[in-house]
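Beneath this line is the structure, given in structure tokens, with notes to follow.
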Protein chains: 2
Amino acid sequence: MEFKDYKKLSLANDIVILTATDKPEDDKRKVPEKTLQILLIKRYEEPYNEFWSLPGGFVDYDKNLDDCAREKLYAKTGIKNLYMEQLYTYGDTNRDERGRVVSVAYLALVKKSDINIQISQKTDSSSASWFSIEPIRKTDEIVDVSLISEDGHLIVKDLAFDHKQMIIDALNRLQNKIEYTDLAFNLVPDFFTVKELQMVYECILGRAIQAFRRKISDKIKPADKMKDDGSAYRPAQLYKFDNKHSKF
Amino acid sequence: MEFKDYKKLSLANDIVILTATDKPEDDKRKVPEKTLQILLIKRYEEPYNEFWSLPGGFVDYDKNLDDCAREKLYAKTGIKNLYMEQLYTYGDTNRDERGRVVSVAYLALVKKSDINIQISQKTDSSSASWFSIEPIRKTDEIVDVSLISEDGHLIVKDLAFDHKQMIIDALNRLQNKIEYTDLAFNLVPDFFTVKELQMVYECILGRAIQAFRRKISDKIKPADKMKDDGSAYRPAQLYKFDNKHSKF
DNA sequence: TAAATAGTGTCTGTAAGACACTATTCT
DNA sequence: AGAATAGTGTCTTACAGACACTATTTA
């Protein structure tokens with residue numbers, strides 16, 4: 001038994017893939033701040049030819065929704081086990097001029113150190129690139145973003161479809177959830193300093209945090225390693241995530 | 001320009017419509033506790049013939065996703081302006097044996113006093129009914145529910161499709177959001193006593209709240225009315241929602 | 001007067017903001 | 001020695017939990 005065709009429509013995924021990276025810092029003695037980065041794909045077809053867009057594609061009739069998203073994520077990053085959650089479903093009639101397309105957006109968090117260089121190889125006829133995110137806030141809520149490419153240029157054109165709104169929604173989700181979950185640990189290496197973790201929290205929240213060390217002391221445990229990158233002053237203790245009471 | 005048909009699938013809405021109502025209380029001098037209730041529809045077709053299910057239906061190709069849900073909600077309740085938010089999208093391949101159906105679930109909150117009696121008239125060849133919800137919690141999270149009809153009987157069969165999971169997800173969403181938003185005011189009449197509002201919070205959270213009056217004092221303002229229902233002892237001040245700093 | 005609700009006062013513990021302070025390491 | 005980070009101590013404020021207390025009304 002099947003449904004009549006008039007009821008059917010196209011369903012897509014779009015994935016907001018975020019990572020945290022060091023901001024360039026001239027003074028090499030200072031601990032660099034962090035910025036969020038997002039992976040975007042350049043389109044080479046209409047509509048929105050030559051616009052940047054979120055990685056995504058149509059949902060396969062025979063696959064679970066979550067599995068589809070995870071497969072697309074793997075194709076772009078080469079990582080299998082990483083954090084992903086459903087974000088929101090966008091279903092306005094006019095969001096794709098080719099016809100009715102409803103899109104289920106996902107939010108994924110990756111450690112930059114985990115990413116495979118397969119990225120550009122796997123993507124066919126389209127180029128992928130990381131962009132730094134500069135959120136624009138109104139009373140703590142993110143209402144807009146600027147995106148800056150690795151060579152320092154702003155994206156001047158809008159993004160394809162309603163992808164900018166998806167990014168804004170994803171950033172707000174992350175900003176809210178980071179306060180009561182342990183999502184931030186998906187954005188630092190397995191071994192990290194307290195300061196590094198703090199920089200991740202601060203760039204997501206857009207504000208400084210006091211007494212940070214005390215607030216997360218029960219979520220981390222010291223590793224038998226010290227940071228050793230030559231450029232710093234006093235070397236910092238490296239920690240790892242203590243997932244005794246992890247909350248995702 | 002259109003997409004190929006093999007990409008297409010069926011998209012549905014399901015709506016979790018919740019309200020709060022007084023628990024039956026033998027001692028008429030006591031302020032009654034509140035229970036959450038949910039509106040369910042009895043199916044009279046396969047699959048899941050004679051099972052209870054969430055109100056819903058297929059998404060119209062020519063209508064925005066949100067508008068579709070709002071129209072269905074209006075058809076069931078006769079209310080136009082009420083609180084509704086998108087809950088989650090359920091997309092496992094095996095959730096409907098007739099074929100691939102992805103469903104976008106919504107959560108709606110209604111004041112029992114606002115509901116039109118149109119309900120049973122508007123629903124064609126299917127009967128609608130309210131069920132009291134008894135959540136089952138594990139460390140504060142709701143993991144299951146029992147549903148009790150107005151004549152005191154438990155639903156013994158499971159619900160249709162994955163609708164039970166949708167209800168559980170909706171209740172957890174409500175339980176979480178009620179702590180940092182003003183959603184609860186969608187579940188009390190326009191004029192309410194502090195105790196009545198507290199009963200709504202307590203039944204959603206599943207625990208008692210201390211010093212409730214102080215915590216919400218800046219969200220309510222006294223109305224020029226007192227409660228007057230004959231049965232109580234000292235009559236209580238009626239308040240209304242002060243939406244100066246409302247958060248939804 | 002008893003019983004029940006309406007509403008206030010106050011103590012205590014916890015956690016965050018603010019910020020001064022000590023300790024350590026490299027140039 | 002100076003500069004920077006690593007890490008601690010402590011004061012204050014705010015708020016939640018707990019619970020005793022007063023006030024008001026009707027059976």
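Letters A, B, ... are given to chains in the order of the sequence lines, protein chains preceding strands, and every chain is numbered from 1. Note: hydrogens, waters and symmetry copies are ignored here, and every other heavy atom, side chains too, is used.
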Lys/Arg N to Asp/Glu carboxylate O, B/D140 vs B/R207, below 4.0 Å =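 Looking at B/R207 together with B/D140, the answer is no, because their closest N to O distance does not fall below 4.0 Å.
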Presence of salt bridge, A/E196 and A/K34, under 4.0 angstrom |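 Yes.
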Where protein sits on nucleotides 6-12 of chain D, one letter per nucleotide: B base, S sugar-phosphate only, - none, heavy atoms under 4.0 Å | BSSBB--
Nearest whole angstrom, please: distance from the [atom2] of [N] to the [atom1] of [X].
| X | N | atom1 | atom2 | result |
| --- | --- | --- | --- | --- |
| A/K215 | C/dA18 | NZ | C1' | 10 Å |
| A/R207 | C/dA16 | CZ | C1' | 10 Å |
| B/E179 | D/dA16 | CD | C1' | 12 Å |
| B/K30 | C/dA2 | NZ | P | 19 Å |
| B/Q198 | C/dT5 | CD | P | 12 Å |
| A/I216 | C/dA15 | CD1 | P | 15 Å |

Verify side-chain hydrogen bond (donor to acceptor under 3.5 Å, both in side chains) between B/T89 and A/T89, making sure each step is shown before the conclusion.
-> CA-CA 7 Å; B/T89 300; A/T89 299; 2.5 Å; yes
Fit a plane to each ring of A/F241 and A/F185, take the angle between them on a 0 to 90° scale, and name the class: parallel (under 30°), tilted (30 to 60°) or perpendicular (over 60°).
->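 Geometry flag for A/F185 against A/F241: parallel rings.
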Pick one: which of A/E33, A/E134, A/E202 meets salt bridge (Lys or Arg N to Asp or Glu O under 4.0 Å) with A/K23?
->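 Of A/E33, A/E134, A/E202, salt bridge (Lys or Arg N to Asp or Glu O under 4.0 Å) with A/K23 is met by A/E33 alone.
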Is any side-chain nitrogen or oxygen of B/Q210 closer than 4.0 Å to OP1 or OP2 of D/dA16?
->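 Looking at the OP1 and OP2 atoms of D/dA16, neither is under 4.0 Å from any side-chain N or O of B/Q210.
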May I ask you to check whether A/D169 and A/Y90 show a side-chain donor-acceptor distance below 3.5 Å?
->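 A donor-acceptor contact under 3.5 Å links the two side chains.
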